[in-house]
Amino acid sequence: MQFQTIKTHVVRTVTESIAGAGAGNKRAAEQSCLSLLEACDSLTKFTQLHARILKLGLRNNPLVLTKFAAVSSELDAVDYASSFVFCPDADSRLYDAFLFNTLIRGYAQTSSSKEKAFLVYSAMLRYGVLPNKFTYPFVLKACAGLGSLSLGKTVHGSAVKFGFDDDVHVRNTMIHMYCCCGGGIGDARTMFDEMPKWDSVSWSAMIGGYVRLRLSADAVEVFRKMQIARVRPDEITMVSVLSACTDLGALELGKWVESYVEKEGIQRSVELCNALIDMFAKCGDVDKALKLFRKMSEKTIVSWTSVIGGLAMHGRGSEAVSLFEEMIGNGITPDNVAFIGLLSACSHSGLVDKGKGYFSSMTKEYDIVPKIEHYGCMVDMLCRAGLVKEAMEFVQKMPIEPNSIILRTLVSACRAHGELKLGESISRSLISNEPMHESNYVLLSNIYAKMSHWEKKTKIRETMDKKGMKKIPGSTMIELDNEIYEFVAGDKSHEQYKEIYEMVEEMGREIKRAGYVPSTSEVLLDIDEEDKEDALNRHSEKLAIAFALLNTPPGTHIRIVKNLRVCSDCHSATKFISKIYRREIVVRDRNRFHHFKDGLCSCKDFW
DNA sequence: GTAGGGTTAG
């Protein structure tokens, strides 16, 4: 029946019932009201009608309310429904598990009111309504979203009490919940290990959990166990495995995943293709990512954003910009993430004017309020271009407080462009705000090095020691014959270490002859110049490159992944190495890619 | 009548 027809029918029936007809008529009226409410397609329509129905003295029906909330899944609708469901004159005899589940699901799906899912869950228990097997996945999802381990444990206990912890859906959601709560990964693993049997969802939940915490090597290990257990992975499992490859920079493993998907006939969902694009781009083969992107028949904003961000990381800013324009031409409205990719493309390629234009179009044309990350991109862009003063002014005019990432960007730029006094003062305030953040000290120390204030520099080292601060160890990974090797500075754990150090020595001699000068002022330790050079030579990047030179045939490209930003000394040394040893060297650092070839780097020394 | 795991930035 059409909405209007029902409406006419209801008004007539209701009028008759009000005119004093019997109880049968009233029930018929109520029935019609339900149909009418169910036919509503907006919250406004729904609330207006509902108010009218209540005014006519008809019974409030919580079920209809919750059904509407479930269909619309808007927070307002869920709030509206629960306010009437729990109003004092509501007929609580109509409450059942389905009704509560619907409300809990409604709240669990919202981004801002997940805690209300618990209020409804507690109300459910208070009214003496028993939860059923559908209740826990909803409640646990809300726990996962809130990330509260203690809450999660309480709900876990409750599920055990009512005997639903044996249900495979409940257990899998429980693993997912523990993975999402800070400090819960151990509980997740214990539960996972103790499960009597696993399906692909259990494995995916565990793998995804490790990936979320960036414990990617663990994720890969669990995936290998999954294969030994002979559980067939599906496209969702493979998305997580690909994320792990992306994080590790493991191109070979990523390629293997692609062929595995092909061989096993796993469905290439849009999400899987997006994950493949991201993996290829971030593992160094952005052309392959582009090719895959072009072949996709259905693209989402994530596909576009992944490939735009990928090009940005490789310093191919103008291509990223044209893809952004193409995306708009295809009728896709950019979101705030797409703008981050675009702005970082402009930043990494020195497209300052373009970047400024896009930044203002965000608000003017697309009605997106810039977030701190967008401001961060702008500051980064100005700093890379050497416009330190303009960057300072920009920060002062920003409507939000700059975060420490932005301030650190400013300090680096101050150091690079000789604004040492300014850099020192920003750096000092950073240290007083975040006294345990190592990089704040490193920045200040580098500024003092540039000012030749050696005593002050030494003092910083002492302060750090006194505070017992741990340095985040820089590490470099390299993939060789399906194995991933990791190096830290001064690493001697590798069986080839003697040859590696000899190779590093040799590399040093060769590149010095070609004009390389070690930048010893980067070294934080208070040691003499010769030892500083030695310290630079032990950097993990250089060890990994030496390892690659030793173990790969001449001419092979070398791909390495560094967990932090590449240091300026290694950057300069790698340029020389690429020329002398005739190798293309692709370095992925924390922020972007550097393609070294013939003594030059694709970042054009913007970094 | 209601259920579980996934992709983009910084």
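Here is the naming used below: chain letters follow the sequence lines, and residue numbers restart at 1 for every chain. Computation of the quantities below employed the complete heavy-atom set of this structure, encompassing side-chain atoms and omitting hydrogens, waters and symmetry-equivalent molecules.
- Listed nucleotides: B/dT2, B/dA9, B/dG10. Nearest to the side chain of A/Phe138: B/dT2.
- The CD1-P distance, from A/Ile301 to B/dT8, rounds to 14 Å in whole Å.
- Of the side-chain N and O atoms in A/Arg212, one or more sit less than 4.0 angstrom from OP1 or OP2 of B/dG6.
- Counting any heavy atom pair closer than 4.0 Å across all strands shown, A/Arg105 reaches sugar-phosphate atoms only and no base atom.
- Contact annotation for A/Asp199: base contact, defined as any heavy-atom pair under 4.0 Å involving a base atom.
- Within 4.0 Å of A/Val168, counting heavy atoms only, lies at least one base atom of the nucleic acid.
- In this structure, CG of A/Leu272 is placed 12 Å from P of B/dT7, rounded to the nearest angstrom.
- OP1 and OP2 of B/dG5 both lie 4.0 Å or more from every side-chain N or O belonging to A/His169.
- Distances shorter than 4.0 Å separate some side-chain N or O of A/Ser344 from OP1 or OP2 on B/dG10.
- Defined by atom type and a distance below 3.5 Å, a donor-acceptor pair is present between the side-chain atoms of A/Asp589 and A/His594.
- Within the 4.0 angstrom heavy-atom criterion, no nucleotide atom of any strand lies near A/Lys371.
- Contact annotation for A/Ser269: base contact, defined as any heavy-atom pair under 4.0 Å involving a base atom.
- Here B/dT8 presents its C1' atom at 12 Å from CE of A/Met296, a figure rounded to the nearest Å.
- For the residue pair A/Tyr210 and A/Ser240, no side-chain donor N or O sits within less than 3.5 Å of a side-chain acceptor on the partner.
- Closest to the side chain of A/Phe134, from the set B/dG5, B/dT8, B/dA3, is B/dA3.
- In this model, a donor atom of one side chain and an acceptor atom of the other lie less than 3.5 Å apart for A/Ser404 and A/Glu434.
- Aromatic pair A/Phe359/A/Phe339: ring centres not closer than 6.0 Å.
- Atom CD1 in A/Ile207 sits roughly 12 Å away from atom P in B/dT7 (whole-Å rounding).
- The side chain of A/Val302 approaches B/dT8 more closely than any other nucleotide in the set B/dG6, B/dT8, B/dG10.
- Listed candidates were B/dT7, B/dG5, B/dT8. Nearest to the side chain of A/Asn274 is B/dT7.
- Taking every side-chain heavy atom of A/Asn132 into account, B/dT2 is the closest of B/dA9, B/dT7, B/dT2.
- Between the OH atom of A/Tyr358 and the C1' atom of B/dA9 there is a distance of 18 Å, rounded to whole Å.
- Between the CZ atom of A/Arg268 and the P atom of B/dT7 there is a distance of 18 Å, given to the nearest Å.
- Side-chain atoms of A/Asp234 come within donor-acceptor range of the base of B/dG5, with a qualifying N/O pair under 3.5 Å.
- The environment of CZ in A/Arg232 is crowded: more than 12 heavy-atom neighbours from other residues, nucleotides or ligands sit within 6.0 Å.
- Residue A/Asn336 is out of contact with every strand shown, counting any heavy-atom pair closer than 4.0 Å.
- As judged by a 4.0 angstrom heavy-atom cut-off over every strand, A/Thr102 is placed among residues making no nucleic acid contact.
- Across all strands shown, A/Ser303 has no heavy atoms under 4.0 Å from either base or sugar-phosphate atoms.
- Distance, A/Arg214 CZ to B/dT7 P: 13 Å, rounded to whole Å.
- Taking the side chain of A/Glu271 as heavy atoms from C-beta on, and the options B/dT8, B/dA3, B/dG6, the nearest nucleotide is B/dG6.
- Straight-line distance from the CE atom of A/Met238 to the P atom of B/dT7: 14 Å, rounded to whole Å.
- Using a 4.0 Å heavy-atom distance criterion, A/Asn101 is classed as a base contact.
- A donor-acceptor contact closer than 3.5 angstrom is absent between the side chains of A/Tyr366 and A/Asp335.
- Residue-level contact check: A/Lys299 touches neither bases nor backbone, having no heavy atom under 4.0 Å from any strand.
- Looking only at atom types and distance, the side chain of A/Ser202 has a donor-acceptor partner in the side chain of A/Asp199 under 3.5 Å away.
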